[in-house]
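The next block holds one structure in the form of C-alpha cells; read it before the comments.
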There are 2 protein chains.
Amino acid sequence: MAASTLTEVARLAGVSPATASRVLNGSARKPGKDIAERVRQAADSLGYIPNAQAQGLAKSSSGLIGLIVHDIADPYFAAIARGVQEAAREQRRMVLLATTDGAPGEEKEAVAAFAARRADSIVIAGSRSSRAEDGDQNAELAAELDRYCRNGGQVAVVGHPVVGAAAPEGYHVVSVPNQELAADLAVELAAGWDGDFVIIGGPEGLFTSDDRIRGFQEGLSRAGRGPAEVLRSSFNRSGGYDAGIKLAARIKAGGTGERGRPAGTGLGIFAVNDVMAIGAAAALRAEGLRIPRDARIAGFDDIETLRDFRPALSTVSLPLEEIGRLATRATAPPAADGDEQDYAPLPVAGKVMLRRSTETAD
Amino acid sequence: MAASTLTEVARLAGVSPATASRVLNGSARKPGKDIAERVRQAADSLGYIPNAQAQGLAKSSSGLIGLIVHDIADPYFAAIARGVQEAAREQRRMVLLATTDGAPGEEKEAVAAFAARRADSIVIAGSRSSRAEDGDQNAELAAELDRYCRNGGQVAVVGHPVVGAAAPEGYHVVSVPNQELAADLAVELAAGWDGDFVIIGGPEGLFTSDDRIRGFQEGLSRAGRGPAEVLRSSFNRSGGYDAGIKLAARIKAGGTGERGRPAGTGLGIFAVNDVMAIGAAAALRAEGLRIPRDARIAGFDDIETLRDFRPALSTVSLPLEEIGRLATRATAPPAADGDEQDYAPLPVAGKVMLRRSTETAD
DNA sequence: CTGTTAGCGCATTCAA
DNA sequence: TTGAATGCGCTAACAG
C-alpha cells in the first residue's frame, strides 16, 4: 500500500506540506490562488490520494459509520442498510458492516471493532433480546456501548434500546411502533374474520417479536376477542415453515371448533414478520391448503421483494429505508448552525396493508 | 473519540509502550509471563482499545476490505455481500461497503475512497458495462484500479474483468459462466416447449445481461431453434414488469402464430434475472394471464427469497454466497505456507432449475 | 527480554 | 498567507 504522500506532492509543487494540506483538504484558510493550482497539479500528476488513516489519526475522527445487522442477506436488514448507506453518502462518510446473527456477544465484538477503527458513529439494526441466556453478553454489550459513547461516539439503535445501556449522551433510539401497529393490524383483521387467531412468534425474549405479539393480543382484546395462541419458532423463513406445518395439521384435523364455528373453518394466522409468513404460507401450500380459503395469513414489515407474492400478503408496512436514514442522521455530528440536536426518540410511521391473503372469502 | 492509549496502559503497568504493544498484539516475540499479565490487567482496567488507524499507519495495512455493489438491497448483491462478510470474518477483516447503482463513475469514486482508507483489498460485485456513454468513466475506473493494484492492493471482480483494466498482479476475476448456463437453460426449455421464445434483457452493454442473452440464443440454436426476439428493459423488477406488459398485449392479441402454431398459444419468456422475471410475471398476472398456461417464464440467479414464489420460477441457480467468499479469499494476502497464489480465474458452478413456471401444461 | 528511538502521513499549532 | 515544529497512537528497528 505504498502511495504517494502529501510530502511528495508538496516537494513537487515547491511548497511546504502544510500548504499542500491546506489546499488539498477543506481547510478554513485560503491558499494563494496561484500556488493552489500548482499544488493541485502536482497532486494530480502523482495520483495523490490522501491517507485517511493518517488524517483520522491527526483529526481524531474517521468519517466511518459502523452498521450492525443480524444478516445482511435478510431483506429486512438489507433495506435498512440501503437507507444507512444513502444517508452516509450524503454525509460523505463510509459504512463499515458487521453481521452478528443477533448474538449480543458478537454485537459487543462488533462495537469494539468499530471503536478500534474510531468509527464516528454506530447504527445497531438488529432486534434486542432479553433472554436470560444472553444476560451476561447483553451487559457486556451495554458496557461497551457506554464506553464508546463516553469516548464521544454516537450510537443509534433501531427499535429498542440496548438492555442496560444508559449513556447520557450520544445514544439515540429510532423507535418503531411495533406494538401499536400490530394492534391496529389485529383490529382490522378481526373486523373481517370472526374465527380464531394464532400467532407465529419468534423466540421468547426477542423484543421485536414480543412487542408485535403483545400488540396483536391487545388489538384482539380491543376487538372483543380472547387472546390468540402463540406458537414459538425461529425468527426466519424456516421458523415460519415449521409452524405452518403444525398449523396445517391442525386445520386439516378439523379446526378448533371454538366460538361456535363449524370445525374445519380455517384459521387467522399472524406471523410476526413477512419472511416467517411466507414460510408458513409455503408450508400450508405444501400440505394442500389454500390461502385465504383455508387460512388467512398476515405478516409484518412489507418486504419489497415479497410484494409480488401471491396471494398478496397482508402485512404492516414499515419505512425500512427511512429508518436506516433516520438512524444514520441521528448520529451525525451536531449541526453547526446552533440547532439543538434532539435526543428524543425519533418516531417512525407504519401502515396496515390489508391484501389478498386475509381476504374474507365469504 | 478520546480513549485510553497504549502509552497510558504501559505507564500504568510500569513498562514501556513497546512491551505493552508486544503483549497486547500478536507480536512474534514473547514477553515475560509475569509482565504480560500486568499489562493485560492494566489494559483491562483502562478499557483499552487499540487504535486501528494508528496501527494501520504504522503497519501499512488496515485489515479493511472494500465491497462495491450496485444496490445492497438487491437480493443478488445482498447474498454476495453475505459471502464476503463471512470470508472477511474468517480473515479477521472488516468490510467497507459502497453502493454505486452500477455507474462506473461512482465505482471509480468508491475505489478511490477505499484506496484512501488503505483497504487491503477490494471486491467489485456489480456487472461491468461497455456502454459507449460509460466509456470515459470506465477508463477512469480501470486507471484507478490499476493504480490501486500497483500500490499493492488486491482486487477481485465478480463476473467480467473491468474493461481496460490489466493490472499485472493482484487482479483476480471470479468468472461466472453466465453464457454457458444460459445456453443450458435454453436447451432444456426448448426440449419441453416448441413455441416461440422471447428474451427480456437488460440495457445493451451490460455484460451480465448480454452474456446471458448470447448464451440463451446459442442454446436455442443448438436445439435447432431460431434466435429469440430480445426486449430491452431496465435490469430490475420494474424493467421486467414493463416488458411483461408488452408481452401480455402480444399474447392476448393472439400470439405470433409463427412456426405453424395456432395463434394465442403462449410464449416462452426468458428474463435475464429472477427479479425481472418476477416483475414480468406480475405484469402478466395483472393482465389476466396465467403462468405457465399462457406463458412459460424463466429467470436467472435463483434468488433465495423468491423460491416461495408461485408458480415456482424456473431459473439458473448460482452459488451467490460462495461467489462472495471466493472473491474475498482471492484477495487474501498470499498464504505464508509457500503455496503459490493462483491468479487464474476462479471457476463457479451453476445449475439449471426447471420448475413449475415452465412446466409444459399439455 | 526489555527499553529507547524513530518514523508511518497528516493537521495544526505557532512564528515569521 | 506561508513555513517550521509538534503530536495523533502505534510498530519496528535498534541498542541495552
Side-chain angles (χ1 to χ4, degrees), chain A residues 1-40 42-43 46-64 112 115-120 151-152, chain B residues 1-40 42-43 46-64 112 115-120 151-152:
Chain A
M1 292 278 75
S4 47
T5 76
L6 184 63
T7 313
E8 291 171 12
V9 172
R11 194 177 327 158
L12 203 167
V15 300
S16 79
T19 304
S21 168
R22 291 193 262 256
V23 21
L24 259 17
N25 308 352
S27 176
R29 311 192 37 184
K30 306 194 151 200
K33 265 292 183 189
D34 44 341
I35 231 56
E37 191 50 32
R38 240 186 330 146
V39 171
R40 243 181 288 273
L46 284 182
Y48 170 73
I49 295 185
N51 185 326
Q53 310 228 70
Q55 291 186 154
L57 228 207
K59 290 196 302 198
S60 251
S61 122
S62 61
L64 252 25
R117 302 237 122 88
R118 294 308 185 262
D120 300 327
N151 287 341
Chain B
M1 291 279 76
S4 48
T5 76
L6 185 63
T7 313
E8 291 171 11
V9 173
R11 193 176 329 158
L12 203 168
V15 300
S16 79
T19 304
S21 168
R22 291 193 264 257
V23 19
L24 259 18
N25 307 351
S27 176
R29 311 194 31 185
K30 306 194 148 200
K33 264 292 184 192
D34 45 340
I35 232 55
E37 192 50 31
R38 242 190 326 150
V39 172
R40 244 180 288 272
L46 284 181
Y48 170 72
I49 295 185
N51 186 326
Q53 310 228 68
Q55 291 186 154
L57 226 206
K59 291 197 301 198
S60 255
S61 124
S62 61
L64 252 26
R117 302 234 120 90
R118 295 306 185 261
D120 301 326
N151 286 341

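Chain naming here is simple, since letters A, B, ... match the order of the sequence lines and numbering starts at 1 in each. What's counted below: heavy atoms across the whole structure, side chains too, no hydrogens, waters or symmetry copies.
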Residues at least two apart in sequence or cross-chain that pass side-chain contact (heavy atoms from CB on, under 4.5 Å) with B:Ile49, listed by chain then number, are A:Ala115, A:Ala116, A:Arg118, A:Glu144, A:Arg147
Can you list everything that forms a side-chain contact (heavy atoms from CB on, under 4.5 Å) with B:Ala43? Sequence neighbours excluded, please.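 B:Ala43: side-chain contact (heavy atoms from CB on, under 4.5 Å) contacts with B:Val9, B:Leu24, B:Tyr48.
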For D:dG9 and B:Thr7 - does any side-chain N or O of the residue sit under 4.0 Å from the phosphate oxygens OP1/OP2?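 No.
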Should B:Ser21 be listed as having a side-chain N or O under 4.0 Å from OP1 or OP2 of D:dT11?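 Indeed, a polar side-chain atom of B:Ser21 lies that close.
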May I have the distance from [X] (atom [atom1]) to [N] (atom [atom2]), rounded to whole angstrom?
X        : N      : atom1 : atom2 : value
A:Arg117 : D:dG9  : CZ    : P     : 17 Å
B:Asp34  : C:dT2  : CG    : C1'   : 12 Å
A:Leu24  : C:dG9  : CG    : P     : 15 Å
B:Ile35  : C:dC1  : CD1   : P     : 13 Å
B:Lys59  : D:dT11 : NZ    : C1'   : 8 Å
B:Leu6   : D:dG7  : CG    : C1'   : 16 Å
A:Arg118 : C:dC10 : CZ    : P     : 20 Å

Looking at every non-hydrogen atom in both residues, tell me the closest pair between [X] and [Y] and how far apart they are.
X        : Y        : result
B:Val39  : B:Ala20  : CG1-CA, 3.9 Å
B:Ser62  : B:Ala119 : OG-CA, 3.5 Å
A:Asn151 : B:Ala3   : ND2-CB, 3.5 Å
B:Ala42  : B:Ala13  : CB-CB, 3.9 Å
A:Asp120 : A:Ser61  : OD1-CA, 3.6 Å

At how many degrees, to 10°, do the end axes of the helix from C:dC1-D:dG16 to C:dA16-D:dT1 meet when each uses five pairs?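 Helix axis angle between the two ends: 40°.
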Positions of residues 9-18 of chain B (non-hydrogen atom under 4.0 Å from DNA chain D), listed by number: B:Ala18
Side chain to side chain donor-acceptor pair (under 3.5 Å) with A:Thr7: which residues, sequence neighbours excluded?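 A:Thr7 satisfies side chain to side chain donor-acceptor pair (under 3.5 Å) with no residue once adjacent residues are dropped.
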With a cut-off of 3.5 Å and sequence neighbours excluded, list every side-chain donor-acceptor pair involving residues 50-58 of chain A.
from	atom 1	to	atom 2	distance (Å)
A:Asn51	OD1	A:Gln53	N	2.8
A:Asn51	OD1	A:Ala54	N	3.2
A:Gln55	OE1	A:Asn25	ND2	3.2

Please list residues of residues 46-56 of chain A whose heavy atoms come under 4.0 Å from any atom in DNA chain C, ordered by number; otherwise none.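 Residues of residues 46-56 of chain A under 4.0 Å from DNA chain C: A:Tyr48, A:Pro50, A:Asn51, A:Ala54, A:Gln55.
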Starting the side chain at C-beta, find the nucleotide from D:dT11, C:dG9, C:dC10 nearest to A:Leu57.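 Among D:dT11, C:dG9, C:dC10, the one nearest the side chain of A:Leu57 is C:dG9.
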When rounded to the nearest 0.5 angstrom, what is the spacing between CZ in B:Arg11 and CG in B:Leu46?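 B:Arg11 atom CZ to B:Leu46 atom CG measures 10.0 Å (nearest 0.5 Å).
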Donor-acceptor pair present, B:Arg22 side chain and C:dG3 base, under 3.5 Å: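 Donor-acceptor pair under 3.5 Å: yes.
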